[in-house]
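Notes follow the structure.
The structure displayed is predicted, hence computed values, not measured ones.
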Amino acid sequence: MTHKRNTTGLASSAASKKEATVKKTEAAISELLKVSAVINFNTVAEKAGVSKAWLYREPAFDRIKRLRDQQAGNQPKA
């Protein structure tokens with residue numbers, strides 16, 4: 001007989017950790033924009049203290065690509 005594992009606490013912890021990381025990353029982007037710093041995956045990752053791999057995996061941070069292109073004067077093609 002197998003017991004059902006109680007993983008609700010683990011899932012809750014992971015969700016709150018992700019939420020905190022997203023907020024930290026958004027704050028880093030805002031700070032970089034305020035000082036007119038270069039926006040790219042390297043600068044955001046360094047400022048937020050997160051990995052570039054995590055930023056690339058998160059669809060919410062496609063914004064970084066748009067900001068990077070705007071700063072470079074490149075408009076994304078439709």
Side-chain angles (χ1 to χ4, degrees):
M1 176 171 177
T2 60
H3 297 281
K4 183 176 179 185
R5 302 283 182 187
N6 182 0
T7 58
T8 55
L10 183 61
S12 173
S13 175
S16 40
K17 182 177 177 182
K18 180 177 179 177
E19 182 180 334
T21 305
V22 167
K23 285 181 183 179
K24 183 170 58 167
T25 304
E26 288 291 346
I29 292 170
S30 294
E31 288 180 38
L32 290 168
L33 287 171
K34 282 181 188 175
V35 297
S36 300
V38 174
I39 304 288
N40 58 41
F41 286 95
N42 288 328
T43 58
V44 173
E46 185 176 317
K47 182 78 172 169
V50 299
S51 72
K52 288 189 295 183
W54 183 81
L55 289 175
Y56 279 112
R57 281 194 310 266
E58 284 300 310
F61 296 113
D62 284 344
R63 174 180 177 204
I64 296 170
K65 291 177 191 174
R66 290 190 307 274
L67 290 168
R68 178 187 61 195
D69 290 342
Q70 285 175 357
Q71 284 183 339
N74 302 329
Q75 294 301 321
K77 295 181 170 99

* Single hit among Gln71, Arg66, Gln70, Lys65 for side chain to side chain contact (heavy atoms under 4.5 Å, CB included) with Arg68 -> Lys65
* Asked: Which heavy atom of Val44 sits nearest a heavy atom of Ala28, and at what distance?
  -> O-CB, 4.4 Å
* Measure the OG-NZ distance between Ser13 and Lys18 for me, rounded to the nearest 0.5 Å. => 14.0 Å
* Asked: So how far is it from Thr25 OG1 to Lys23 NZ, rounded to the nearest 0.5 Å?
  -> 12.5 Å
* **Separation between CG of Leu32 and CD1 of Ile64, rounded to the nearest 0.5 Å** => 9.5 Å
* To do: For the pair Ser16 (side chain) and Ser12 (backbone), establish whether a donor and an acceptor sit closer than 3.5 Å, ignoring hydrogens and angles.
  => yes
* Does atom NZ of Lys24 have more than 12 heavy-atom neighbours from other groups under 6.0 Å away? -> yes
* Asked: Closest approach of Asn40 and Val38, non-hydrogen atoms and distance?
  -> ND2-CG1, 3.5 Å
* **Sole candidate of Tyr56, Phe61, Trp54 that passes ring-ring contact (aromatic ring centres under 6.0 Å, His included) when paired with Phe41** => Tyr56
* **Chi angles and distances behind the salt bridge (charged side-chain N to carboxylate O under 4.0 Å, His left out) call for Glu26, Arg63** => CA-CA 10 Å; Glu26 288 291 346; Arg63 174 180 177 204; 2.7 Å; yes
* To do: Please lay out, stage by stage, how Leu33 and Leu67 fare under the test side-chain contact (heavy atoms from CB on, under 4.5 Å).
  => CA-CA 9 Å; Leu33 287 171; Leu67 290 168; 4.2 Å; yes
